[in-house]
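Below is one structure, written out as structure tokens; the observations come after it.
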Amino acid sequence: MDKILGLPVLASEHGKDVDNLIIYVHWLMILLFVGWLAYFAYALFRFHRSRNPKADYVGVKNHASNYIEGAVALIEGVLLIGVAIPLGTKAVDKFPEESNSTVIQVVGQQFNWNARYAGKDGAFGKQDMHFVNATNVFGADPKDPHGLDDIQVMHEMHVVVNKPVICYISSKDVIHSFKIIAMRVTQDAIPGMRLPAWFKPTITGRYQINCAQLCGNSHSAMTAGTLVVESQEDFDKWMASKKSGTGPSLE
């Protein structure tokens, strides 16, 4: 069914549940389409003028259509309560421990993605909106010693395979939406808010980062963002190659 629907490549642990929900909904839509098409053909045959020269003003007397509609509503309820809500709850309420995860602060702006990693001390430096400028989109306090070794990059983010990734997502200007299709993760980026999202990548490679909100005349340029999933060794080498401080390192 994945191939029939043409679903994109899947590279996250929880993504299979998302794909299953999509498949279940499509099966339901296919059944409804075939069922209503069959009923339409039956109605054309059963109530054709040649078979019913005189109109029947009473109409159908049984309740078959009510039962069918009730069954459809029941199936939709099962998909919502039995699949969609548990999946959403798992994604929102059961965050992994930060100590066992790759933690990234993400800020969208017109028209690129910025990412910030804690340095060797494992702690992010303090932030304040008054420090925000063209090169310090995170508002990092330049005098906080914990922030001196933090890494700020643009366009390209690196994470470790088979290790949870926690992203704290915000925006510098308008509403954006941080979306990585291969990870089956989407979270709006809203100015003044820092919204968390997480996923666990399972396959190494390079994956496109998209913006799922129309954010301006160069909205399409935000597809230039890239998520690189790699081994812990390669991730450590990449981190070591980055320059510390509040300014972005262009990829």
Side-chain angles (χ1 to χ4, degrees), residues 1-49 51-52 56 58-96 161-162 164-167 169 175-190 195-203 205 207-215 219-220 222-223 225 227 229:
M1 194 63 181
D2 299 51
K3 294 181 179 179
I4 294 175
L5 293 178
L7 294 178
V9 63
L10 172 62
S12 71
E13 187 176 75
H14 78 281
K16 188 60 180 175
D17 294 331
V18 176
D19 285 0
N20 285 340
L21 178 60
I22 294 173
I23 291 171
Y24 297 152
V25 170
H26 275 78
W27 273 120
L28 176 60
M29 294 300 103
I30 290 171
L31 290 174
L32 289 176
F33 175 76
V34 172
W36 287 118
L37 194 63
Y39 175 76
F40 178 66
Y42 168 76
L44 290 176
F45 172 78
R46 174 67 178 78
F47 301 106
H48 192 270
R49 186 174 62 176
R51 294 174 55 85
N52 300 271
D56 181 355
V58 177
V60 178
K61 297 179 181 180
N62 63 51
H63 298 283
S65 63
N66 299 97
Y67 299 145
I68 294 173
E69 291 168 1
V72 171
L74 179 62
I75 295 173
E76 291 175 343
V78 170
L79 289 175
L80 176 63
I81 300 173
V83 181
I85 292 178
L87 176 61
T89 302
K90 178 181 178 182
V92 174
D93 292 343
K94 298 182 179 179
F95 266 66
V161 67
N162 294 319
V165 178
I166 300 176
C167 297
I169 302 165
I175 295 177
H176 301 277
S177 187
F178 182 73
K179 184 180 184 72
I180 309 175
I181 297 174
M183 301 299 149
R184 306 297 192 267
V185 62
T186 305
Q187 177 60 65
D188 283 349
I190 301 175
L195 303 175
W198 76 278
F199 57 94
K200 186 177 180 180
T202 56
I203 302 176
Y207 303 99
Q208 188 177 63
I209 302 174
N210 297 275
C211 178
Q213 289 280 3
L214 183 59
C215 58
H219 162 71
S220 60
M222 298 193 74
T223 58
L227 177 77
V229 181

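All residue numbers in this chain count up from 1 along the given sequence.
Minimum heavy-atom separation, Val185 to Trp198: CG2-O, 4.3 Å. Contact between Ile166 and Pro96 at its shortest, heavy atoms only, is CD1-O, 3.5 Å. Scanning both residues, Lys200 and Pro164, for their nearest heavy atoms gives CG-N, 4.1 Å. When all heavy atoms of Leu227 and Ile180 are compared, the closest pair comes out as CD2-CD1, 3.9 Å.
The aromatic rings of Trp36 and Tyr39 sit perpendicular to each other, their planes meeting at more than 60°, with 30° as the lower class boundary.
When side chains are defined from C-beta on, Val165 does not count as touching Met183, because their heavy atoms never get closer than 4.5 Å.
The closest donor-acceptor contact from the side chain of His26 to the backbone of Ile22 lies under 3.5 Å.
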task = Show your reasoning for whether side-chain contact (heavy atoms from CB on, under 4.5 Å) applies to Val161 and Ile203.
result = CA-CA 6 Å; Val161 67; Ile203 302 176; 5.8 Å; no
Task: side-chain contact (heavy atoms from CB on, under 4.5 Å) assessment of Arg184 paired with Leu10 - done: CA-CA 8 Å; Arg184 306 297 192 267; Leu10 172 62; 3.8 Å; yes
Kindly indicate, with the supporting measurements, whether the criterion side-chain contact (heavy atoms from CB on, under 4.5 Å) is fulfilled by Gln187 and Cys167. CA-CA 9 Å; Gln187 177 60 65; Cys167 297; over 6 Å; no
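A side chain to side chain contact (heavy atoms under 4.5 Å, CB included) with Val25 is found for one member of Leu79, Asn20, Ile75, Ile30 and no other, namely Leu79.
In this structure, Phe178 CZ and Asn210 CG are separated by 10.0 Å, a value rounded to the nearest 0.5 Å. Rounding to the nearest 0.5 Å gives a distance of 7.5 Å between CD of Glu13 and OG1 of Thr202. To the nearest 0.5 Å, atom NZ of residue Lys16 and atom CD1 of residue Ile23 are 5.0 Å apart. A distance of 11.0 Å separates CG of Leu214 from NE2 of His176, quoted to the nearest 0.5 Å. Put simply, NE2 on His14 and CZ on Phe199 are 9.0 Å apart, with the number rounded to the nearest 0.5 Å. Glu76 contributes atom CD, which lies 7.0 Å from atom CG of Leu32 (distance to the nearest 0.5 angstrom).
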